[in-house]
There are 2 protein chains.
Amino acid sequence: MAQQGPGTKQLKSVRTTFKIVEYLKHETTGSVSAIADQLELPKSTVHSHLTTLNQLGYLRNDDGTYRLGYRLVHLGRTIEQSDELRRIVAPTIETLANETDEQAYFAIEENGLATNIVVAEGTCSIRREFLPGGQARMTNTATGKAILAHLPPERIDEIIQRWGMPAEAPGTITDEDELYAELETIRADGIAYARAESIKGLLEIAMPILDDDGQPHGAVEVAGPIKRLDDECRERLVDDIETAVNEIEVNLSLR
Amino acid sequence: MAQQGPGTKQLKSVRTTFKIVEYLKHETTGSVSAIADQLELPKSTVHSHLTTLNQLGYLRNDDGTYRLGYRLVHLGRTIEQSDELRRIVAPTIETLANETDEQAYFAIEENGLATNIVVAEGTCSIRREFLPGGQARMTNTATGKAILAHLPPERIDEIIQRWGMPAEAPGTITDEDELYAELETIRADGIAYARAESIKGLLEIAMPILDDDGQPHGAVEVAGPIKRLDDECRERLVDDIETAVNEIEVNLSLR
DNA sequence: GACGGCCGTCCGACACTATCGGATAGATTT
DNA sequence: AAATCTATCCGATAGTGTCGGACGGCCGTC
């Protein structure tokens with residue numbers, strides 16, 4: 001069952017290749033020297049990795065300046081398109097965003113992180129900071145906590161141990177016992193809130209999607225500025241979320 | 001300048017890792033044994049690559065069955081979003097698709113391949129087979145030929161040598177001299193056609209976007225069934241494309 | 001209920017190969 | 001014109017990826 005046994009150190013060269021890829025992801029562009037400097041790797045090592053990635057077609061090399069190419073875009077889009085759950089859920093999330101005029105998300109647990117597989121937003125929310133595939137800790141997001149609450153206890157513990165609970169915003173829960181108490185509440189209420197726990201000023205409201213055995217498929221979320229989501233309109237939001245959850249449950253059982 | 005000197009064989013382990021990734025891209029899902037069989041690699045080798053990729057968070061492992069995860073989706077989306085050219089061009093291509101009610105594309109040359117960086121379609125075209133990042137040969141697509149025609153001669157030759165000109169559809173040009181003649185025509189007319197050259201029954205019409213030095217940034221294309229794009233409406237299509245090209249040229253010089 | 005096949009995982013030895021420092025050539029700047 | 005930056009290439013070493021085999025769990029069959 002548990003397979004992260006003794007051999008944790010594996011394939012160092014693959015690891016450094018992806019360190020370079022992640023560097024280019026964040027910096028958009030980079031030269032051999034710049035990457036070698038930042039990653040504290042020998043220039044020649046970086047060079048051989050870059051030329052290999054270039055030969056494989058994943059990079060563009062404009063005169064010494066490398067950037068990630070569209071081959072990786074196609075890879076990501078293909079993954080996205082072949083995900084059946086996403087296809088089923090997406091329309092509902094989009095109407096939810098339009099109904100509420102706020103950002104709406106559908107997230108799943110992947111590698112112990114809350115991972116947005118659908119992101120949508122209404123007309124009045126301007127920012128589109130979050131991309132599909134964006135990941136955050138399970139412990140400080142509403143979707144994460146909604147899913148976490150319905151996972152087997154040993155899994156919950158494993159995830160917490162792996163990713164920790166550092167403070168990221170004013171409201172972040174950093175105490176383990178406090179989190180467990182909140183998860184209990186979430187199980188009882190069937191709804192999860194996150195008040196400025198990952199991002200200052202952001203209120204998130206989420207409900208899980210469970211299968212027949214009570215295992216979570218994912219969670220539906222609506223998020224917006226705390227100021228805008230005041231108490232009286234919050235009831236309406238919860239209602240809209242419940243409608244979306246219901247719709248998704250039906251569509252999942254129809255497949 | 002040319003840097004694919006003697007050391008062409010590099011970083012074999014990185015290469016096999018991406019062979020596995022590409023396998024999962026096309027097959028969606030796979031087990032250790034299945035991948036090892038198909039790729040003719042030892043099981044233990046595949047296993048170590050998969051566990052490494054899993055540790056890095058790029059994979060999902062559902063009880064022995066691996067699939068690519070949303071971390072790669074996020075990578076692709078980030079690349080897409082950080083591409084300034086795409087951001088500038090996208091709105092124009094979308095209105096072009098709506099105006100013409102056909103599929104519209106913007107493609108660039110990347111690693112010697114015509115690479116779609118924007119894909120859009122009108123209301124009446126149903127299929128959305130093509131994803132952003134999709135790549136095709138420069139020699140049998142309208143965008144590819146439109147770009148190719150304005151590249152330096154030595155580059156043209158290099159690309160042809162690298163990717164060849166195999167027959168892929170009834171109309172594919174497989175003769176090198178014939179291609180060079182057509183590129184001459186394209187340079188003279190400023191417009192490129194592809195009649196069932198990559199896909200049977202598909203007509204593509206494309207025009208290049210050139211910078212002040214005459215170097216191609218990319219190309220705008222409209223494509224649809226040959227039957228529907230008959231001669232009388234073709235003039236209207238060309239007109240719409242010219243409008244789009246003009247708009248893009250203005251937006252590029254404004255940046 | 002026991003057996004046989006198949007699977008994923010793990011181990012260990014060897015050959016290979018990724019790594020790393022240094023050297024070279026070109027470009028750009030002072 | 002010299003100096004400093006760059007990317008690229010080379011060669012030797014040690015580390016490491018590869019590969020065959022073995023273990024144990026799972027499932028279907030006999």
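Within every chain, numbering begins at 1; the chains are lettered A, B, ... in the order of the sequence lines, protein sequences first and strands thereafter.
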> What's the CG-P distance between B:Leu50 and D:dG17, to the nearest Å?
Replying inline: 15 Å
> Taking for each residue the nucleotide of DNA chain D bearing the nearest heavy atom, is the 5' side occupied by B:Ser13 or by A:Thr65?
Replying inline: A:Thr65
> Between B:Ile160, B:Asp175, B:Ile173, which is the residue that forms a side-chain contact (heavy atoms from CB on, under 4.5 Å) with B:Tyr180?
Replying inline: B:Ile160
>> Distance check needed: D:dA7 C1' versus B:Gln10 CD, whole Å only.
In response: 13 Å
> Over how many whole Å does the gap from A:Lys19 atom NZ to C:dA18 atom C1' extend?
Replying inline: 14 Å
> Can you tell me how far C1' of C:dC10 sits from CG of B:Asn54, to the nearest Å?
Replying inline: 16 Å
>> Rounded to whole Å, how long is the line connecting atom CG of A:Asn61 with atom C1' of D:dT6?
In response: 13 Å
> Side chains of B:His49 and B:Lys19: donor-acceptor distance under 3.5 Å anywhere?
Replying inline: no
>> In whole Å, I'd like the distance from the NZ atom of A:Lys12 to the P atom of D:dT18.
In response: 15 Å
>> What residues from residues 26-49 of chain B pass a heavy-atom cutoff of under 4.0 Å to DNA chain C?
In response: B:Ser31, B:Val32, B:Ser33, B:Lys43, B:Ser44, B:His47
>> For A:Arg187, is there an ion pair with A:Glu184 - N to carboxylate O distance below 4.0 angstrom?
In response: yes
> Pick one: which of B:Glu197, B:Glu168, B:Glu109 meets salt bridge (charged side-chain N to carboxylate O under 4.0 Å, His left out) with B:Arg137?
Replying inline: B:Glu168
> Has the side chain of B:Arg67 got a donor or acceptor atom that lies under 3.5 Å from a matching backbone atom of A:Asp83?
Replying inline: no
> For the pair made of CZ in B:Arg15 and C1' in D:dT16, what is the distance, rounded to whole Å?
Replying inline: 18 Å
> To the nearest angstrom, how far is B:Asp62 atom CG from C:dC7 atom P?
Replying inline: 18 Å
> OP1, OP2 of C:dA18 versus side-chain N and O of A:Thr17: anything below 4.0 Å?
Replying inline: no
> Hey, would you say the A:Phe130 and A:Phe106 ring centroids sit under 6.0 Å apart?
Replying inline: no
